[in-house]
Structure formats: C-alpha cells, structure tokens
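Notes follow the structure.
The sequence lines fix the lettering, A, B, ..., with proteins before strands; numbering per chain opens at 1.
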Protein chains: 2
Amino acid sequence: MKRRSVTSHEVARLAGVSQSAVSRCFSPHASISAETREKVLAAARQLGYRPNTIARSLITRSSRTVAVVVSQLDNPFYALTLARASRAFQSEGYHLLLFLVSDDGDTTGVMSEILQSQAEGILMLAASLTTPFAQECVARSIPVVMINRTVDFTGVSQVSSDNYHGGYWAGSYLAGQGHRRMAFLNGLASSSTGAHRRQGFLDALAAQGLECWAEENGEYRFDKAREATRRLFVQPPYPDAVFAANDHMAVAVIETLRAELGLRVPEDVSVIGFDDTPIAAWPSYRLTTIRQPLEDMVAAAAELLLEQMREERLSPVQRILPVVPILRGSVQQRY
Amino acid sequence: MKRRSVTSHEVARLAGVSQSAVSRCFSPHASISAETREKVLAAARQLGYRPNTIARSLITRSSRTVAVVVSQLDNPFYALTLARASRAFQSEGYHLLLFLVSDDGDTTGVMSEILQSQAEGILMLAASLTTPFAQECVARSIPVVMINRTVDFTGVSQVSSDNYHGGYWAGSYLAGQGHRRMAFLNGLASSSTGAHRRQGFLDALAAQGLECWAEENGEYRFDKAREATRRLFVQPPYPDAVFAANDHMAVAVIETLRAELGLRVPEDVSVIGFDDTPIAAWPSYRLTTIRQPLEDMVAAAAELLLEQMREERLSPVQRILPVVPILRGSVQQRY
DNA sequence: CTGTTAGCGCCTTCAA
DNA sequence: TTGAAGGCGCTAACAG
C-alpha cells in the first residue's frame, strides 16, 4: 500500500521556516535557535511528522541496521541468544533485520538479500556462510561475526565457546568415572561446533586408551535424537554413558531411556549434555553438562560487530570463550 | 562505517548504456532486449553491483518490510511462532525488522522507531499496544495484526485462539472428573489471553456450583511458576488440580510437585496446561493441555497482514481460532 | 526498446 | 543561526 506521509517540507511551510531548519531540528547536534525549534516541533506535532529513516539512510549512507541470520530458533539456546543480541543492538540504536535459514544451509538467497538490504553488519547465529559470500562481505567491508559456527575463511570474526575442551572434559570425566562404553550423539554434520566437541571427546578417550563405543547423529533435534537413542540401544551390551552434543538432545536421550528402554539415568546410563540451558537444571533431569557462557558470547559478538562497524578497516578476530562443566546428577561412577 | 558502493551509473558507463537500462535490467517486468541485458549483467557482475534497496524503497515508497514486535522469546511457543512468521513473510519477499520488548510494556520507544522505520505492517506477538499508537498506525494506514493479545481499540486486527473456551473446557473437564479443589495459575496480569482463560475457567466452575480454590500468578515464567506452586501448596488441604495458563508453567508445577512436595501427578494432583508445546508430549509429563493452532494462527495473521498491506483501506478483523483439548496423562479421575 | 528527465525525502555544504 | 541549492541511488513517466 502506498501512502503519502508527512514530509519535512510540509512541516517547514506550516512553521514558516525552511526545510533545512526542520531537518536540523531532528538532527542530534545541529545548531538551531530555541525559538525556531519550538515552532518546528509544534508544527511537527500538529502534522504528526516523523523523519523518514529511509531517506535519511540514503543520504547518510548508513542504515543503522544489522542483519541477523539464525537457524535453529526452536533450540532454546539460540532463542535466548537472539533475545540477548537484540537487546544489545537495540540499546545502541541499531535495528535488527531477521533472516531465518534452515539448518542445512542454502544461505545463498538470504545472503544476497542481506547484501542488497544495506545492512551495516551481519551476525550469524549457528548458521553457516559460504566462502564466496564471506569474500563479498569483506570486499564491501561489511563486518561479519559468527557465533558458534566456523567458516574456512580468515576474513570474518568468530565467537564460540571452547567446544573442543568441552568435549575433552566430557570424555575424560566419563572415563575417570569408570565408564567403558561411551557413545557420542552428534548434531548436524555441517556444524563445526559438533565436530569440535566430537574431536575433543574422542581425543580424551584415546588419551585413556579408549575408543568411542558408538556414534549417532541427532541433528540437534529432539525427535531425531530419540530415534538415534533407539539405534544406540538396540541390543546389549548397551552403552554405559552417552555424551550428547547439546542439552536438547541429552534430554531426549534421557526421556527415551526412561520411557522406552526402562533404563535409569544415571544408575544404568550416564548422560552429559552441552549448553546448560535452563532445562538442564530441572529436577527431572539434573543434567551434568558443559555451560557455554551465553551472555559473554553475545556480549563479545555484539561488541565486536559494533566496533567493526565503526572502524574503517576490519580486523577480524577469533574469540574462543572458556566453557565450564556443571556437575549435576546425570553421571554416576561405575566400578 | 561509510563505504561507497557500486552504483547503477558505474555499471551503465561500463556497459555503454544508460543508467535506466541498468535499472530496468533489475526490475521484474521491464522491457529490455536480450542483448543489452547481457551487456548490463556482465558489467554488473564484473563490478559486483547490487541494486540499493534503500534508494529503491525511497522512490517506490515501499520498504517491503514488516516490523515484528515480540515479548517472551524465551517461551518456546513464541519462538516457534516467530520462526513460522519469518518463513511466511520471507517467502513473500518481505523483510522482518525485529523488536524485542519486555513483558510489561514500554512499547512507546519501540513503536516510535517502528513508525520511523517505514515498515509497511506491524505484527505484534504477545506484545501489547497502547491506544494512542494504535490510532497513529491507523492514521498512517499501517496495518497492525496482533497475535494473542487484545487491544481496546477497533482499528487493529487480532488473531487469537479461543482462550475463553479453552479455559472453560479445563474447568468443566476437571469438575467432571471429580475434582473439587481446583487452583488456577495465571500468567501476566497485563495479558488478555490469561484473563480470558481465567474467566472461562471460573465460569465453568461456577456452572457446576464450584469456586476456584486458589489462585496465583506465575508471570508465564518457569521460576515464578515454581514459587507460585509452593504458595499454592503451603498446607493441606492441597488443591487436587491445577490449571496453568500455559504449558511452560504447567511443567514447572509438575517439577515442583514431584521434586519438592513429594506429590505425584496425576495420582495426587491433576495438571492441565495451555498451548501444546512439544514438551507437553514428553513422556515425563504427558501433559493434558489445550492446543493452540499455532500454524493456523500464524498463517491467518500473515495472510491478514499481507492482504491489508496490499489494500488501500484497512478493514481490521478479529479472528478467533478454535482450540483443541489434548488428553494425555496428567489428569486422573477423583472419586 | 532505449535514453532523457524528474523527482522520492532528507542531509549538508555554502553564503548570507 | 538560517535558507538555498545540490545531490544520495534509484524508478517511472515521457519521447524518440
């Protein structure tokens, strides 16, 4: 629908001043006398005038907009991350353009739209970026910060938690507690986070002379994780521990073990997750997990992006924040 | 950071055509010969040209953007709704401007930004709107659709599920199953959804000659709901059933009952929720609840908004979609 | 089918 | 401090 809105010209005419006076009136530190200011504001109020952000962006060449690309919004961890990020950027006067992509990529269409949208920065939440697009962003000097996803390209900044050491901790903790048949439940094959957690886990086991007993993929989804659990427990000997690549799947494992296999956690099977989402603390699960410092990650990512949007040249950095193991009740020592 | 981007002029010069030829080349159904089209596209590719959406919006007076205002993104129901909505609008070529607000209002600042942002439509997700802003939107003929929130103003469209009858069903079902001490756990005082569920519930009880045994408020938040549960169960006689205004809180009730009070669900206490989020189906809860037709609600809201954005005049409608009770295992008959 | 010509609504020198 | 004038990058008549 095309509607004609009130313009600064109309306000100017009503106030009996020039159009530029109106413009100055709505610019932060422009010099204008209190008197004309009053006249202009009165006229503006009367007409219901608001400056047109689009016209302003065109001339100032700054949209004060950042694009957020997110996949897995159904994962509470990312929903929370988005909420935090939104707050961070809103408070700095930036608007968020939201783009949802499916897990398995196909960001090309979306990325192309983002580039056209004149966003000044791009925040990637658990979404991947193809190298050509990363290059194009760099060429246009549009800063990109990825949270929890890695790209094989040095031009973009990355913030993630120490997935490798998180996985490593899980492996050595389970081994130290006497487990011998540890299974790993991975997330998406395409996700670097899962790959790093897995590698840490395997390395920790290897350091103890152990091997991973079984491996499955749950795509970070509840239902898929349940199916994977069934495959993991088709016949004895069962795994005596499962390390899931995130809490969401870990809970699915517990639910399935209890409801379908008649197995107890942690008496029969130990379970470890990753993230420390609120649900991990619920009495029913008391999930031992590895906390990602969500607040810090978002803060770091927002700060990085803000900083790079201000600067002339981008200097991408890679920041890995430490994880912290949270011991609850889903792991039991074996003898 | 201000960067100078490639303009259609530069492409035109390189391709040896006029600037308008370039423009036509990137407009859907403009007439242009295959030959010049090729020249232009080649030049564009070489320069890395992409049309500037902002400039385009300014002249066409259409931003192809809709603002989404959402509160409670930590509630899975709304995270899912947002995901669906995003898909619906993206597929129609609209961009989403995301605004998060806190539960208890203060939308003034945000609404003011939205009005400046030239969004062509506004989708309110569980967020309230003050009457003055609703009026301003109408005055500018910017369509507004609210999902799960009511405003005391006829100018905006509203989509919600039949909260009243959902509450009514909960009340009569519990009464019919022989409960006599039913408690209600409400959400935010400011939310119309909660108020309607409550009213339906109370009316159903009244129809059976019963009264609500106790009432508490959990603000739709997990922790608050746990605290409220403790207050509901300070001393016998305990409630024999709890109707929570959403699943999120219902689960909190169950967790607290089991872990802290040593009470079983449904043997000692029956619990009913609202929403039918995925978690309600988990084996640990098997929550009897009232399903909101999420898909339909989003589809209806998106369709409405899209339609109104196309039309010249807005004709706000109020659409109430039927809920459906989902019987699982969290209610047991009393004798 | 193509190029020329006006702006869209605003910010920003530049003189006055 | 103020107004006039010139664009920002693009689309949309209008002639040719």
Side-chain angles (χ1 to χ4, degrees), chain A residues 1-41 43-44 47-65 113 115-120 140, chain B residues 1-41 43-44 47-65 93 115-120 140:
Chain A
M1 188 190 326
K2 297 185 187 177
R3 69 198 73 76
R4 134 162 277 90
S5 51
V6 183
T7 73
S8 53
H9 272 109
E10 303 173 46
V11 177
R13 190 157 358 109
L14 179 60
V17 298
S18 77
Q19 181 271 335
S20 23
V22 178
S23 171
R24 285 199 262 272
C25 206
F26 289 91
S27 302
H29 12 251
S31 53
I32 190 166
S33 71
E35 188 185 0
T36 43
R37 168 180 216 85
E38 271 318 306
K39 281 195 295 190
V40 170
L41 288 181
L47 295 172
Y49 169 76
R50 285 175 196 279
N52 181 328
T53 305
I54 292 190
R56 179 177 282 179
S57 301
L58 183 59
I59 193 162
T60 60
R61 286 205 186 80
S62 87
S63 60
R64 291 201 75 76
T65 286
E113 291 198 48
L115 260 16
Q116 285 186 43
S117 76
Q118 308 299 113
E120 294 175 21
R140 293 164 183 259
Chain B
M1 188 186 334
K2 297 186 186 179
R3 67 197 73 76
R4 136 161 275 90
S5 51
V6 183
T7 73
S8 53
H9 271 109
E10 304 173 44
V11 177
R13 189 157 359 110
L14 179 61
V17 298
S18 77
Q19 180 272 335
S20 30
V22 179
S23 171
R24 287 195 189 92
C25 206
F26 289 91
S27 302
H29 12 252
S31 50
I32 190 163
S33 72
E35 188 186 0
T36 43
R37 166 180 219 85
E38 271 318 307
K39 279 195 296 189
V40 170
L41 287 181
L47 263 35
Y49 169 77
R50 285 176 195 281
N52 181 329
T53 305
I54 292 190
R56 179 177 282 178
S57 300
L58 183 60
I59 193 162
T60 60
R61 285 206 188 79
S62 86
S63 60
R64 291 199 77 76
T65 286
L115 260 15
Q116 286 186 40
S117 77
Q118 307 299 113
E120 292 176 23
R140 293 162 183 259

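- Residue side chain Ser20(B) reaches the base of dT4(C) through a donor-acceptor N/O pair under 3.5 Å, judged by distance alone.
- In this entry the distance linking CZ of Arg13(A) with C1' of dG9(C) reads 14 Å, nearest Å.
- The residue Thr36(B) sits close only to the backbone: its heavy atoms come under 4.0 Å of sugar-phosphate atoms, none of a base.
- Checking dC11(C), dC10(C), dG3(C) against the side-chain heavy atoms of Ser8(A) singles out dC10(C) as nearest.
- Within the nucleic acid shown, Tyr49(A) comes within 4.0 Å of sugar-phosphate atoms alone, with no base atom in reach, counting heavy atoms only.
- Note on Val22(A): nothing from the nucleic acid sits closer than 4.0 angstrom, heavy atoms only.
- Between the Arg140(B) side chain and the Gly48(A) main chain, a donor and an acceptor come within less than 3.5 Å of each other.
- For Arg56(A) and dC11(C), the CZ to C1' distance is 9 Å, given to the nearest whole Å.
- In plain terms, the two heavy atoms of Val22(B) and Tyr49(B) that are nearest each other are CG1-CE2, 4.2 Å.
- Taking 4.0 angstrom as the limit, Thr7(A) places none of its side-chain polar atoms (N or O) nearer than this to OP1 or OP2 of dG9(C).
- Closest to the side chain of Ser33(A), out of dC10(C), dT1(D), dC10(D), is dT1(D).
- Distances were taken from every side-chain heavy atom of Asn52(A) (C-beta onward) to each of dG3(D), dC10(C), dT2(D); the shortest belongs to dC10(C).
- Here the nucleotide nearest the side chain of Arg24(A), chosen from dT13(C), dG3(C), dC11(C), is dT13(C).
- Rounded to whole Å, atom C1' of dC11(C) lies 14 Å from atom CD1 of Ile54(B).
- Between Arg61(A) and dC11(C) there is no side-chain polar atom (N or O) within less than 4.0 angstrom of OP1 or OP2.
- Put simply, CZ on Arg64(B) is 17 Å from C1' on dC10(D), counting in whole angstrom units.
- At least one side-chain nitrogen or oxygen of Ser23(A) sits closer than 4.0 Å to the OP1 or OP2 atom of dC11(C).
- Rounded to whole Å, atom C1' of dG7(C) lies 12 Å from atom CG of Leu58(A).
- Side chains of Phe26(B) and Leu41(B) form a contact here, defined as non-hydrogen atoms less than 4.5 Å apart.
- With rounding to whole Å, Leu47(B) atom CG is found 14 Å from dG9(D) atom P.
- Side-chain N/O atoms of Gln19(A) and base N/O atoms of dC11(C) include a donor-acceptor pair closer than 3.5 Å.
- Side chain of Gln116(B) to main chain of Thr53(A): no donor-acceptor pair is present (N/O by atom type, distance under 3.5 Å, no hydrogens or angles).
- Across dT11(D), dC14(D), dG7(D), the shortest atom-to-atom separation from the side chain of Ile59(A) is found for dG7(D).
- Ile32(A) comes within 4.0 angstrom of sugar-phosphate atoms only, judged by non-hydrogen atoms across all strands, and of no base.
- In this structure, CD of Glu38(B) is placed 16 Å from C1' of dC1(C), rounded to the nearest angstrom.
- Glu120(B) contributes a side-chain N or O that, together with a main-chain N or O of Ser63(B), makes up a donor-acceptor pair within less than 3.5 Å.
- Around the CZ atom of Arg13(A), the shell of radius 6.0 Å holds no more than 12 heavy atoms that belong to other residues, nucleotides or ligands.
- For the pair Arg140(A) CZ and dG9(D) P, the interatomic distance rounds to 13 Å; values are reported in whole Å.
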